Amino acid sequence: MNLLAELRSRFATALESLDGADLSDMVLPSQDPKFGDYQANCAMPLGKRLGRPPREIATELVEKLGVADLCEPPEIAGPGFINLRVKTARIAELVGDALVDEHRLGVPTATEPRNIVLDYSSPNVAKPMHVGHIRSTVIGDALAQVLKFLGHKVITDNHIGDWGTQFGMIVYGYKNFGDDAKLAEAPVGELTRLYRFVNSLVDYHALRTKKIPEAELAIDQQQLAVEKLSSEPVPEDQKAQKKAAKKLRQAEGLLNDCRSDLVALQQKLVDAENDEQLISVAKEHADIGQKVLAETAALHAGDEENVALWKRFLPACLAEMDAIYERLNVSFDHTLGESHYHDQLAETIASLEEQGLVKVSDGAKCVFLEGQDAPFIVQKRDGAFLYATTDLATIKYRVENWQPDALLYVVDHRQSLHFEHLFATTKLWGEKDTRLKDLELEHISFGTVLGEDGKPYKTRSGTAVGLSGLLDEAIQRALAIVSENDDARAEPLLSAEERQTVADRIGIGAIKYADLAHNRTSDYVFSYDKMLAMTGNTAAYMQYSYARVSSIFGKAGVDRQQLRTSNPTIDLNTPAERSLALALLQFSEALTRVASDYRPNHLTSYLFELASKYSSFFSECPVLKAESDELRTSRLALCDLTARTLSRGLELLGIEVVERM
RNA sequence: GCGCUUGUAGCUCAAUUGGAUAGAGCACUGGUCUUCGAAACCAGGGGUUGUAGGUUCGAGUCCUACCAGGCGCGCCA
């Protein structure tokens, strides 16, 4: 049972006669135990609405409220808060129910299941995945698991970039530097080599002919801007003075940024020029940038050779990507990338045009949106399609094939304007199509992963940190910690093999948990030390908590299955036991909260709190040496349900537990 | 210039979407192991929620202005 949902429904009934049924959501868990377990705050707004004293309303509500089976008599406090304390005997019964509920642990399924398409991860294939892909992948996967567990139909779709310039690079690389023998032997390695090599060639030329000159120009312009600002006469009034000073400061800051950008670019150029092999090849491929684009364009135009190469290379690229997903223990129902939609793009434009949504501006086909300065460009001047076009076609495809109620995109916050445009265009496009019109479209936005210096997490040379190496390092550090702790024991617990397994789970878990525990909308600082700490709100602590609970069953020598089905009497006579039991019943509330605003950090907070309550219980209440057999059994039952709740909760977050660590 | 977003304890972050005295974890100070994993527990100090106004029974949360950062703004994805 979901206690909160049940109480809200009881309140909804009581509120009806007062014309306040919409206020039942104002029943909430109490912040402070002295106000009971739950509190209803609806009397205050209702009092205002009806022009009557809130306490009077509260009294009336309490009289109408039927909760005698669940709660002690409600108390009215302060301006009109109604405080509810769940009957301890009822908590005990409900724990008993959860205990025998093998898979769901007492969590009811959603009363109105929805059909939800979840779009997340979406890397470019052929390019190695990097730190920027973590959040989308991890948050998306956790949301998928939680929504599924709550009984929604979830379709996950990895909208990979498999049709872009990176394939032009590989094709060009294969045609000019390819090695068929290596390709046959180790396709992933060879394709990665080709991508990296061509990319560095393109980059080298871009640095010389474009990036560095542009950076120099930017410095000149910025320099001028600074000079102009500093030569302007000082304004009379103070406000204008401050504003001018601020502008100057900002311009100078920008100038500094430009300068350090140039230094970084020049350093990259020097590095490249020290690579003799690269330079000699680069000279023979001076127009490589254009050639790569030409190969990409040929692919898009259906050039037989390039399409054949694309088909030949794609499986290896996917395999490389899947290797990472396997390490992360993430999978998708569908992987329909950009290439899947390329033959639907022309008809997408035609359909938009048919509805009179398209205007040609500067030669490009645009959808102009109310309240937006910039148009949504759906076809370029040269006739090529864009990201926007593919996204529209994708929405149409998903709607036609999967009939979703909601379409969720787990994508970083920088694309919020794109999604605003995309969603607005979709609604216009769907004016006559109720499937589109009623669709919930949501951008599940998240912040940037920062380094410990507070800047976007990059390697020293300024490139994105590879995901694979990131996982390696976390696991390696976890192994060191696990080994050190185990060596410190009088008798080490773990074999070398077991240590490695534990380190894998702790390392991967640490990265995932650190990400999920933060409110996704804010940026967060990536720190191995913090995420791998054995204390505090970390995966390692949660996994430790689980291992500690679990170890008790071996010592007790009980059959857990039998313990559950023997219908034990749950005894909650101490505050620690009661508090733990109530927390166990609130698992479903935490999950509902995650689903309501698509934020997994509600679940991490819940699990951490549960673990803390278990710790208090464990230090205050002897389990194996309880005063009586009945009490021992009751406490073992609490341990069992705690272990299962922790494990299931972590599982929904994509984190595996270990029995010993 | 316009738009979005963030600002909470020394540090990293919460705050159930407008609820009661703003909470955790690190770090710091004290206490608790001849009993189940002390990787723990208990207690304590630490705050003008960026600033100034406003809305109301009640504001970290909503509105206005300002300050400071991040991101974005027509043919990349």
Side-chain angles (χ1 to χ4, degrees), chain A residues 4 25-26 28-32 34-35 39 41 44-45 47-48 53-54 77-81 83 122 124 161 164-165 239 242 246 338 361-366 371-382 384-388 390-391 411-418 420 445 447-448 450 454-456 481 485 488-489 493 514 517-519 521-525 527 529-530 533-538 540-541 543-545 547-552 555-556 589-590 592-593 596-597 601-602 604-606 608-609 612 615-626 635 639 660-661:
Chain A
L4 181 59
D25 279 356
M26 297 197 75
L28 298 166
S30 297
Q31 297 274 11
D32 189 323
K34 78 178 173 209
F35 299 130
Q39 58 176 299
N41 306 329
M44 283 82 79
K48 183 161 197 185
F81 294 104
N83 294 333
S122 311
N124 281 320
T165 314
K239 213 172 161 183
K242 269 176 85 174
K246 184 185 161 190
E338 291 167 344
S361 167
D362 285 340
K365 291 185 181 171
C366 304
Q372 296 284 353
D373 291 338
F376 195 46
I377 298 178
V378 293
Q379 187 169 13
K380 300 198 322 193
R381 189 166 32 199
D382 66 6
F385 301 111
L386 304 102
Y387 181 38
T390 312
D391 273 0
V411 178
D412 78 87
H413 71 284
R414 286 173 303 185
Q415 297 194 36
S416 59
L417 187 60
H418 168 72
E420 226 178 281
S445 151
T448 311
L450 307 175
K455 292 181 183 152
I481 295 168
N485 286 327
R489 288 191 170 103
L493 213 58
H518 287 88
N519 185 331
T521 56
S522 42
D523 295 345
Y524 96 93
V525 176
S527 156
D529 289 335
K530 289 219 164 71
M534 302 304 298
T535 57
N537 191 8
T538 65
Y541 172 77
Q543 286 161 323
Y544 166 73
S545 302
R548 191 163 68 131
V549 185
S550 296
S551 71
I552 208 169
K555 292 210 170 69
E589 293 170 27
T592 310
R593 231 171 289 142
S596 74
D597 52 11
N601 66 308
H602 292 306
T604 59
S605 319
Y606 165 79
F608 181 64
E609 229 168 85
S612 306
S615 260
S616 301
F617 156 82
F618 186 72
S619 57
E620 280 172 42
C621 306
V623 177
L624 299 179
K625 292 175 184 169
R635 287 179 177 168
C639 293
R660 306 192 301 177
M661 61 188 275

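The chains referred to below are lettered A, B, ... by the order of the sequence lines, with proteins before strands, and numbering in each begins at 1. Please read all numbers here as calculations on a predicted model, not as lab measurements.
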If the cut-off is 4.0 Å, is [X] near the phosphate of [N], judged by side-chain N/O to OP1 or OP2?
{"X": "N519(A)", "N": "A15(B)", "value": "yes"}
{"X": "S527(A)", "N": "C26(B)", "value": "no"}
{"X": "K48(A)", "N": "C57(B)", "value": "yes"}

[X] side chain, from C-beta outward: closest of [options]:
{"X": "S416(A)", "options": "A14(B), C4(B), C76(B)", "result": "C4(B)"}
{"X": "Q39(A)", "options": "G19(B), G74(B), C76(B)", "result": "G19(B)"}
{"X": "Q415(A)", "options": "A77(B), G19(B), C73(B)", "result": "A77(B)"}
{"X": "F608(A)", "options": "G25(B), U16(B), A20(B)", "result": "G25(B)"}
{"X": "K530(A)", "options": "A77(B), U12(B), G19(B)", "result": "U12(B)"}
{"X": "R414(A)", "options": "G70(B), A77(B), C71(B)", "result": "C71(B)"}

So what's [N] paired with, Watson-Crick or G-U wobble, going by both distances under 3.5 Å?
{"N": "G25(B)", "answer": "C11(B)"}
{"N": "G72(B)", "answer": "C2(B)"}
{"N": "G18(B)", "answer": "none"}

Problem set entry | Test side-chain contact (heavy atoms from CB on, under 4.5 Å) applied to T592(A) and H602(A), step by step | CA-CA 9 Å; T592(A) 310; H602(A) 292 306; over 6 Å; no

For [X], answer base if it contacts any base atom (sugar-phosphate contacts may also be present), sugar-phosphate if it contacts only those atoms, and nothing otherwise; contact means non-hydrogen atoms under 4.0 Å.
{"X": "N601(A)", "value": "sugar-phosphate"}
{"X": "K34(A)", "value": "base"}
{"X": "A77(A)", "value": "base"}
{"X": "P54(A)", "value": "nothing"}

Exercise. Given atom CG of L450(A) and atom C1' of G7(B), what is their separation to the nearest angstrom?
Worked result: 14 Å

Exercise. Is C33(B) in the syn range, within 90° of 0, or in the anti range?
Worked result: syn

Exercise. Under 6.0 Å from the CG atom of D32(A), do we count more than 12 heavy atoms belonging to anything else shown?
Worked result: yes

Exercise. For F81(A) and G19(B), do the ring centres fall under 5.5 Å apart while the planes stay under 30° apart?
Worked result: no

Exercise. Can you give one letter per nucleotide of nucleotides 30-44 of chain B, 5' to 3': B if a protein heavy atom sits under 4.0 Å from the base, S if only from the sugar-phosphate, - if neither?
Worked result: -----BBBSBSSS--

For this session: Please confirm whether the backbone N or O of A626(A) pairs with a side-chain atom of R635(A), one donor and one acceptor, at under 3.5 Å?
Result: no

